[in-house]
Amino acid sequence: MPTTLAKQYDPQEAQHRWFSYWEERGYFNADPDPEKQSHTIMIPLPNVTGALHMGHALNGTLQDLITRWRRMQGYEALWMPGTDHAGIATQAVVERRMLEEEGLTRHDVGREALVNRIWKWKDTYESRILSQLKQLGASCDWRRTRFTLDEVCSRAVRRTFFKFFDDGLIYRGKRLVNWDTYLQTAVADDEVFREEVDGSFWTFTYPVVGSEEHISFSTTRPETMLGDTAVCVHPSDERYTHLIGQKVTIPLMDREIPIIADALLAKMDMGTGAVKVTPAHDPNDYACGLRNKLPMINILNSDGTINENGGKYSGMDRYEARQRVVEDMNAAGHYHGVEERKMELAHSDRSKTPIEPYLSDQWFVKMDDLAQAAMDAVSDGRVRFYPQRYAKTYLDWLGEKRDWCISRQLWWGHRIPIWYCDTCTEAELQQAFDDRDDVVFRRDAEDRCWLICSETDLEADCLGPGHTLTQDDDVLDTWFSSALWPHATLGWPDTQHDPPLDDAAPASDDGKNHVLDYFYPGSVLVTSRDIITLWVARMVLTGLYNMGDVPFRHVCIHPKILDGFGQTMSKSKGNGVDPMDLIDKYGTDAVRFTIASFAGETQDVRLPVGYECPHCEAVIAQTLEHQTMIPAGGEKPRIDCPKCKKSSQFSSPWFDPDPGEAVARVVSERFEYGRNFCNKLWNASRFALMNLEGYQPGPVDRSELMLEDRWILSRLSRVVEDVNTYLGRYQFDAATRAIREFTWNEFCDWYLEMIKPRLRDDELRPVAQRVLVSVLDGLVRVLAPFVPFITEELWQRLNEVAPQRPVIGSEDLSPAEASDSIMTASWPEIPASLQDSGLEDRFERLQETIVAVRNVRAVYSIPPATPLKLHMRCDESAAGEIQDVSSQFENLAKTMLESVGATVERPSGAASFSLKDADGYIPLEGVIDREEELGRQQKEADKLRKFIEGHQKKLSNANFVERAPAEVVNDVRETLAGLQKQLESVELIISQLSDS
RNA sequence: GGGCGUAUAGCUCAGUUGAUUAGAGCGCACGGUUCACAUCCGUGAGGUCACAGGUUUGAGUCCUGUUACGCCCACCA
């Protein structure tokens, strides 16, 4: 009995079933196999802060596509999963929650308790993210899942830090950081956003010492006056040259500071031309301070209040101090007005509070040699970017060789493995650590204390009584651990054992890490362009440093998904789209297929979305207002459906809808592309399975193949070749288009239609069935990396009906047993010898003829069921070919081929059409409207004349004939001749129409 | 301010190294209850390839400039 498929594909059911099936059978697992070549992809580790977004969905789809493709090609393909602890992002989320729900700050609970809370958070969100990746169909080796703070990764972090330190690449220095006074932490530049606020621009004066003169300057932050250590003017500013070298008094502090000249800081045409210098609280002033060796006075406490250096203002909040400074300067007669102005102010992305520049001790990695090595790897092609232009971003950034500040004032992260001691002697240290090769120490740069770096934790009392070791409070920049991802996840620095699986000890124990040896270096990194510098560059750098080899050969940079208004999607903009909404609505395969079709090399992709009314399913287009609908307090915002007039809560990054509420989920028309494709594939397969009754495996001789068989095999061969080429270049959009076009416009629209009569014919059926099965088998394989679930479903059904399927690669399509699962099926290898351009051209003529007949039918509104007659005029060679396929005219156009040949005449009262090498006539006595037909032919003739004119113009240009390649000229001549012949035919028709 | 990118049909996007009559999906119009599929089938309309110059026998494609938009970096007392 033939297996029949349900009328519609049920994606949700199939996804659930097949994913478990694959996982249980270990199909995602990758282990070193000397018989095979390795293929490694390291996932760009998602943060454990929240849920998966569209960017992840795109990124994950592409990696899975490549991994499945390579796996089918016979590679041992590892896709390495894991998540990132994401230092500040995660800590900030947990802290914010704690404050909102319990009114507690981290200082209330303490370091250990906070870190414990974050671990709990991590467990929840990590599993949520991983399960979402699985819903996407991600064929990662889940046994190898790593987390940047786990044991394996921690060892790598410690070892790397230790090596850096030992090699003198790590130093401690001062740096002006972005200080978040609310979270009391330093914030990275990329975690700062600028926002326009109303501000004041005050002008004050400082009295010049020993003179009646005053020097005036303007500032937006008067309180920094407390920390001024100079006033600066431009060296060639004649208004001030006589004052350079003199001193002024800061009235409120009664402190004298010099007037200096610095062309880099002072701009003559800005403000008064003179500027106060506060090196400890402004980046430019800091640089100026370094150049001029100015003292640096820190006036802030970490909570944003003024410290003891602020004199009588100490203890005040900085904003209160600002007000008081203005008042006091005014009272002292040094206030010279204020101007209200808008200004851009840096804010912390996490706490949304204004940033203060703040001078602090930080740890740095020297970038000179490390950066150079990483640049070389790209310059000499050991690492290649796709598209290539992104190499520039990488090289430009590394070229600055700015030292990498790796310390963060946080509690969540890898604690810096440095211990301080300022009481012991070198001899004591030597004695204590003499037998330790995992401990090194040296004096700090300012000779204040010993810096002891250790790979393993040191006890505070390990130097014995009298000395106490204290560990540095800071943690490492998140990117420090993610930079090690490609080799850390494979177990480095342990080169003696394989890394653990499912966090259990490794099985093999022969003194080698086979996993690291086998899977490093990786094959390709798939990521988005915004972390080329932060992440990609640093992975190359540490890979070269630790492993002596690049971490991956290729870097594939894919587009970003923008919202319908062309903005990048982000939670702070409120325009995020939850891919789970889409998977729910359209199915995973549909989402994957559509996403793959987005991923080209040039443009970012706009994704207009709408909300689907849960009451009537009407779609309400998302507007910019929707994106900013934030619940202010209690009530969740709602949207109104214009169709059914009901309102509902909606899916949003801002809030979780209330339980039990009907929620308008996000939908997008664009995913119907993928859904419709799956539907088409499903139904084509359904048709095939319905027609496989009595299928018997057996060889097929070439001579038994019909035109359409040879054509579809030729096309399939070509399409597999194209897909290979496109995927090899990471042109996912092109690959998707090629495969869709083949499936829909060739396999379904033509091939299936053409073999229908043979499937009804007992004699012809066996061969038709065999070819049909073999093509469907090949098609399902090619599609598997794109749409794994539906193809597995189809594969299984095919296995029930036709477990023995012809192998297209074999000479006579001899049958072989199909594999148990599409996951273990091999990628189709179809000999290029099946490709036949001549045959494809002839087939195209057949298609054109049929389209032309259908066109006539449509123009004259002839019902599809009414039979037509066709006469074709063409040379004898074409006549034979047309004769051969005459049965298809009837099959596909309900048209009988009455006559064909060079002598065929147009019957009177016939509708006509003209092709490149043949003309067709369809007698329509009584139906045809002469005027209408005449108009139609005139229009055709005009079109042809226009083309002819263009070609003639080209050929009449002597320069073209002389200079263009002969081949091109020839082509034009041939095309012209064809067009002219065609025009003659049309003109003949016109004259006949006019005569009759 | 520096760098990179984009501008092609109503919408979303393709268009290899310059040479075919510039394409697709959606939407639109017209016609379809044929036993795979209305998530479908058939037919069709729709484009001065942002603008201005240039190179070339030939430009959607290369160069220069302009405009608009996007991203990254730097800066903004």
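- Among residue pairs with one or both ends in residues 390-400 of chain A, those qualifying as side chain to side chain donor-acceptor pair (under 3.5 Å) are Y390(A)-R529(A), K392(A)-D396(A), E400(A)-R402(A); sequence neighbours excluded.
- With salt bridges taken as basic N to acidic carboxylate O contacts below 4.0 Å, one links R845(A) and D917(A).
- Checked against salt bridge (charged side-chain N to carboxylate O under 4.0 Å, His left out), R718(A) has the following partners two or more places apart in sequence or in another chain: E840(A).
- Per the geometry, CG belonging to D733(A) stands 12 Å off P belonging to C13(B), to the nearest Å.
- Here the C1' atom of nucleotide C13(B) and the CG atom of L58(A) are 15 Å apart, to the nearest Å.
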Problem set entry | Base versus backbone protein contacts along nucleotides 39-51 of chain B [heavy-atom cut-off under 4.0 Å; B, S, -] | BSSSSS-------

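- Relative to the side chain of F960(A), the nucleotides C26(B), A19(B), C13(B) differ in distance, and A19(B) lies closest.
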For this session: Apply ring pair (Phe, Tyr, Trp, His ring centres under 6.0 Å) to the pair Y726(A) and F732(A), showing each step before the final yes or no.
Result: CA-CA 7 Å; Y726(A) 292 136; F732(A) 304 97; over 10 Å; no

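- Among the heavy atoms of the strands, none lies under 4.0 Å from A865(A).
- Using a 4.0 Å heavy-atom cutoff across all strands shown, K894(A) reaches no nucleic acid atom at all.
- With sequence neighbours left out, the side chain to side chain contact (heavy atoms under 4.5 Å, CB included) criterion links E741(A) to N745(A).
- A donor and an acceptor atom sit less than 3.5 Å apart, one in the side chain of E753(A) and one in the base of A36(B).
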Within the sub-3.5 Å range, which N or O atoms of nucleotides 3-7 of chain B have a protein N or O partner, and how far apart are they?
from: U6(B); atom 1: O2'; to: Q603(A); atom 2: OE1; distance (Å): 3.2

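- Using a 4.0 Å heavy-atom distance criterion, D530(A) is classed as making no nucleic acid contact.
- Inter-residue side-chain proximity for E753(A) and L892(A) is flagged as met; some heavy-atom pair is nearer than 4.5 Å.
- With both ends at atom P, the span from U8(B) to U16(B) equals 16 Å, rounded to whole Å.
- Here the separation of G25(B) from C72(B), taken at their P atoms, is 34 Å to the nearest Å.
- Residues forming a ring-ring contact (aromatic ring centres under 6.0 Å, His included) with F677(A) (at least two apart in sequence, or on another chain): F593(A).
- When the C1' atom is compared between G65(B) and U55(B), the two are found 15 Å apart, to the nearest whole Å.
- Looking at residues two or more places apart in sequence or on another chain, you find no ring-ring contact (aromatic ring centres under 6.0 Å, His included) involving H951(A).
- Residues meeting the side chain to side chain contact (heavy atoms under 4.5 Å, CB included) test with E967(A), sequence neighbours left out: none.
- With sequence neighbours excluded, the residues that form a side chain to side chain contact (heavy atoms under 4.5 Å, CB included) with E933(A) are Y860(A), A911(A), S912(A), I928(A), R936(A), Q937(A), L993(A).
- Within 4.0 Å (heavy atoms only), P283(A) reaches no atom of the nucleic acid at all.
- Consecutive pairing runs in RNA chain B reach the stem threshold at B:1-7 with B:67-73, B:10-13 with B:23-26, B:28-32 with B:40-44, B:50-54 with B:62-66, where a stem means at least three Watson-Crick or G-U wobble pairs with distances under 3.5 Å.
- Distance check: D589(A) CG to T594(A) OG1 gives 10.0 Å after rounding to the nearest 0.5 Å.
- Counting non-hydrogen atoms under 4.0 angstrom, T568(A) reaches the backbone sugars and phosphates but no base.
- What separates CG of L607(A) from C1' of U12(B) is a distance of 10 Å, to the nearest Å.
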Shorter than 3.5 Å, N or O on both sides, protein versus nucleotides 21-24 of chain B: list them out with atom names.
from: U21(B); atom 1: OP1; to: H951(A); atom 2: NE2; distance (Å): 2.7

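- Taken from SG in C678(A) to OH in Y586(A), the straight-line distance is 13.0 Å, to the nearest 0.5 Å.
- On the P atoms, U61(B) is 13 Å away from U20(B), given to the nearest whole Å.
- Residues satisfying the side chain to side chain donor-acceptor pair (under 3.5 Å) criterion with Q888(A), sequence neighbours excluded, are N891(A).
- Contacts of C748(A) with the nucleic acid, taken as non-hydrogen atoms under 4.0 Å apart, include base atoms.
- With a 4.5 Å cut-off on side-chain heavy atoms, F671(A) and L607(A) count as touching.
- Residues K680(A) and T743(A) have side chains that never bring a donor and an acceptor to within less than 3.5 angstrom of each other.
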